[in-house]
Protein chains: 2
Amino acid sequence: MAESKVVGRDPEAVSRFVEGFAAQLVEAGMQRMPARVFAALLSSDEGSMTSAELGEQLQISPAAVSGAVRYLTMTHMVSREREPGSRRERYRVHGDQWYEALTNREALIKRWEGALREGVSSLGADTPAGRRMAETLAFFEFVESEVAAMMERWRVHREKTFGQG
Amino acid sequence: MAESKVVGRDPEAVSRFVEGFAAQLVEAGMQRMPARVFAALLSSDEGSMTSAELGEQLQISPAAVSGAVRYLTMTHMVSREREPGSRRERYRVHGDQWYEALTNREALIKRWEGALREGVSSLGADTPAGRRMAETLAFFEFVESEVAAMMERWRVHREKTFGQG
DNA sequence: CGCTTCCTTCAGAAAATTGTGAAGTTAAGG
DNA sequence: CCTTAACTTCACAATTTTCTGAAGGAAGCG
């Protein structure tokens with residue numbers, strides 16, 4: 001289209017993507033509003049939006065934005081910035097920080113490991129069930145150790161493919 | 001304790017583990033009943049239980065067992081077996097098949113990739129948002145390719161540690 | 001120093017999810 | 001072939017979750 005440079009973004013196309021991608025995230029277990037907010041940020045050209053912009057695009061109240069953003073910052077998917085000299089806050093999805101958040105179920109896995117350890121000792125390490133749980137525990141420990149290395153390889157791969165972006 | 005060989009399993013300790021581990025799985029996004037059923041199977045010495053046994057241990061109706069099991073079999077966390085010459089069904093957690101299910105968000109990731117691809121082309125590969133999404137897409141493709149290799153390394157590691165179990 | 005703007009918190013209404021009982025279906029065993 | 005045991009499906013009730021409007025609080029700007 002001739003107008004592509006200035007208008008560029010067809011709001012309808014953006015919205016379609018946002019809602020579609022958010023729906024996938026919801027199916028993966030994320031709450032609806034955090035998912036929609038995250039998808040909106042991901043599809044913004046700046047990689048960041050203000051609370052008001054989010055509210056308008058998603059047709060939700062400031063309260064809903066606030067709740068979603070609280071969740072997203074707590075899980076490190078999004079960071080908040082103060083626009084200098086303004087009461088406005090910008091919410092930003094960083095280039096790669098959120099990849100880690102998505103895969104980095106660190107705290108979660110730690111707790112699973114704790115629960116499994118307790119299971120092994122309370123059911124007995126010498127019982128069939130105890131052995132099965134010990135093996136499960138070993139699996140998680142293994143994954144944990146591998147993920148760090150994998151993310152490092154990703155960083156290398158990413159730089160090769162996209163430059164230091 | 002002297003009775004350890006025959007009684008062995010303190011039902012209360014088992015229940016404590018089951019409910020505790022299930023709660024962790026719930027926090028990770030799994031539905032309550034599937035989580036409880038899965039934890040119960042995991043902590044059983046045979047690695048399998050009948051519908052009736054599950055209903056009794058978890059104090060839930062046959063309908064709830066049925067629903068939970070449907071979910072678990074669909075996600076390949078559990079397999080079902082017919083007890084030969086009986087109407088009873090046994091639900092089993094296999095040694096390692098479920099590890100894969102847990103990490104193998106294959107179908108899910110495929111759909112994310114689809115949604116992202118659509119986003120890249122509808123927002124334009126030459127826009128900042130498009131580039132960000134292309135990079136995200138590359139990340140998922142990278143992870144997908146790495147996970148297979150990681151599971152292979154796990155199998156080797158597992159055999160070394162536990163024998164061919 | 002007070003006004004205004006923006007964000008957050010809170011209580012409650014609306015909506016979605018979840019588990020049960022009851023009825024229905026399939027298949028073993030006499 | 002009929003009986004009966006076991007699992008599944010369905011509709012509904014109860015709980016839980018989710019989002020909103022309204023009130024409250026912090027921070028720039030005149």
Side-chain angles (χ1 to χ4, degrees), chain A residues 15 18-19 22-41 44 46 48-75 77-93, chain B residues 15 18-19 22-41 44 46 48-75 77-93:
Chain A
S15 185
V18 167
E19 299 304 332
Q24 305 289 344
L25 292 173
V26 168
E27 274 203 58
M30 197 184 294
Q31 294 163 344
R32 176 178 263 99
M33 284 295 146
R36 296 181 71 209
V37 167
F38 181 73
L41 290 172
S44 70
E46 297 77 20
S48 74
M49 297 174 78
T50 66
S51 177
E53 289 166 349
L54 285 166
E56 195 198 354
Q57 161 153 15
L58 304 174
Q59 289 296 311
I60 56 178
S61 71
V65 175
S66 176
V69 155
R70 179 173 37 186
Y71 174 89
L72 290 169
T73 53
M74 280 203 330
T75 54
M77 306 268 296
V78 160
S79 65
R80 55 193 337 144
E81 307 172 346
R82 204 31 157 289
E83 242 173 19
S86 163
R87 281 136 289 202
R88 281 205 187 127
E89 206 122 27
R90 293 196 77 81
Y91 305 108
R92 155 158 278 124
V93 42
Chain B
S15 184
V18 167
E19 298 305 331
Q24 305 290 343
L25 294 172
V26 168
E27 273 203 59
M30 195 183 295
Q31 294 163 342
R32 184 191 297 284
M33 283 296 145
R36 296 180 72 209
V37 166
F38 181 74
L41 290 172
S44 69
E46 296 77 19
S48 75
M49 294 174 76
T50 65
S51 177
E53 287 166 349
L54 285 166
E56 194 198 355
Q57 160 153 16
L58 303 174
Q59 289 296 310
I60 57 179
S61 70
V65 174
S66 176
V69 155
R70 177 172 40 185
Y71 174 88
L72 290 169
T73 52
M74 280 203 331
T75 55
M77 306 268 296
V78 159
S79 65
R80 52 190 343 142
E81 307 172 347
R82 207 26 160 289
E83 242 174 18
S86 162
R87 281 139 288 202
R88 282 210 184 122
E89 206 121 28
R90 294 196 76 80
Y91 304 108
R92 155 158 279 124
V93 41

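Chain identifiers are assigned alphabetically (A, B, ...) following the order of the sequence lines, protein sequences preceding nucleic acid strands; residue numbering begins at 1 within each chain.
The distance from atom CD of B:Glu83 to atom P of D:dA5 is 16 Å, rounded to the nearest whole Å. Nucleotide D:dA6 holds its C1' atom 16 Å from the CD atom of B:Glu56, rounded to whole Å. Whole-Å rounding puts the B:Arg90 CZ to D:dA6 P distance at 13 Å. Atoms CD (B:Glu53) and P (D:dC7) sit 10 Å apart, rounded to a whole Å. In this entry the distance linking CD of B:Glu81 with P of D:dC7 reads 13 Å, nearest Å. Rounding to whole angstrom units, CZ of residue A:Arg88 and P of D:dC29 are separated by 11 Å. As rounded to whole Å, 15 Å separates atom C1' of C:dT20 from atom CG of B:Leu58. C:dT9 atom P lies 17 Å from atom OH of A:Tyr71, rounded to whole Å.
Under 4.0 angstrom from either OP1 or OP2 of C:dT17 there lies no side-chain N or O belonging to B:Gln31. Using a 4.0 Å cut-off, some side-chain N or O of B:Arg80 falls inside it from OP1 or OP2 of D:dT8. Between A:Arg70 and C:dT9 there is a side-chain N or O to OP1 or OP2 distance below 4.0 Å.
The existence of a salt bridge linking A:Glu83 and A:Arg90 is confirmed by a sub-4.0 Å separation between a basic side-chain nitrogen and an acidic carboxylate oxygen.
One finds the CG atom of A:Leu41 at 10.0 Å from the OH atom of A:Tyr91 (value rounded to the nearest 0.5 Å). The structure places OG of A:Ser48 at 7.5 Å from CD of A:Glu53, a figure rounded to the nearest 0.5 Å. Between the OG1 atom in A:Thr75 and the CE atom in A:Met30 there is a gap of 7.0 Å [rounded to 0.5 Å]. Separating the CE atom in B:Met49 from the OG atom in B:Ser51 is a distance of 10.0 Å, to the nearest 0.5 Å.
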Step by step, work out the side-chain contact (heavy atoms from CB on, under 4.5 Å) result for B:Val18 and B:Gln57. CA-CA 10 Å; B:Val18 167; B:Gln57 160 153 16; 3.7 Å; yes
Does the side-chain contact (heavy atoms from CB on, under 4.5 Å) test come out yes or no for B:Glu89 and B:Val69, once each step is laid out? CA-CA 11 Å; B:Glu89 206 121 28; B:Val69 155; over 6 Å; no
Do B:Gln31 and B:Tyr71 pass the side-chain contact (heavy atoms from CB on, under 4.5 Å) test, and can you show the C-alpha distance, the side-chain angles, and the key distance before you say yes or no? CA-CA 9 Å; B:Gln31 294 163 342; B:Tyr71 174 88; 4.0 Å; yes
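Counting any heavy atom pair closer than 4.0 Å across all strands shown, A:Ser51 reaches sugar-phosphate atoms only and no base atom. Using a 4.0 Å heavy-atom distance criterion, B:Arg36 is classed as making no nucleic acid contact.
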Nucleotide pairing, DNA chain D (Watson-Crick or G-U, distances under 3.5 Å), in dot-bracket with [ ] and |: ||||||||||||||||||||||||||||||
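Considering only side-chain atoms of A:Glu89, the nucleotide from C:dT20, C:dC7, D:dG21 that sits closest is C:dC7. The A:Ser66 side chain lies nearest to C:dT8 when the options are D:dA6, C:dT8, D:dT20.
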If you restrict it to nitrogen or oxygen atoms, what contacts under 3.5 Å exist between nucleotides 28-30 of chain C and the protein, and what is each distance?
from	atom 1	to	atom 2	distance (Å)
C:dG29	OP1	B:Gly85	O	3.0

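Atom CZ of A:Arg92 has more than 12 neighbouring heavy atoms from other residues, nucleotides or ligands inside a 6.0 Å radius.
Under the side chain to side chain contact (heavy atoms under 4.5 Å, CB included) test applied with B:Met33, the options B:Ile60, B:Leu72, B:Leu54, B:Val65 reduce to a single match, B:Ile60.
Sequence order on DNA chain C of the closest nucleotides to A:Arg32 and B:Ile60 puts A:Arg32 first from the 5' end.
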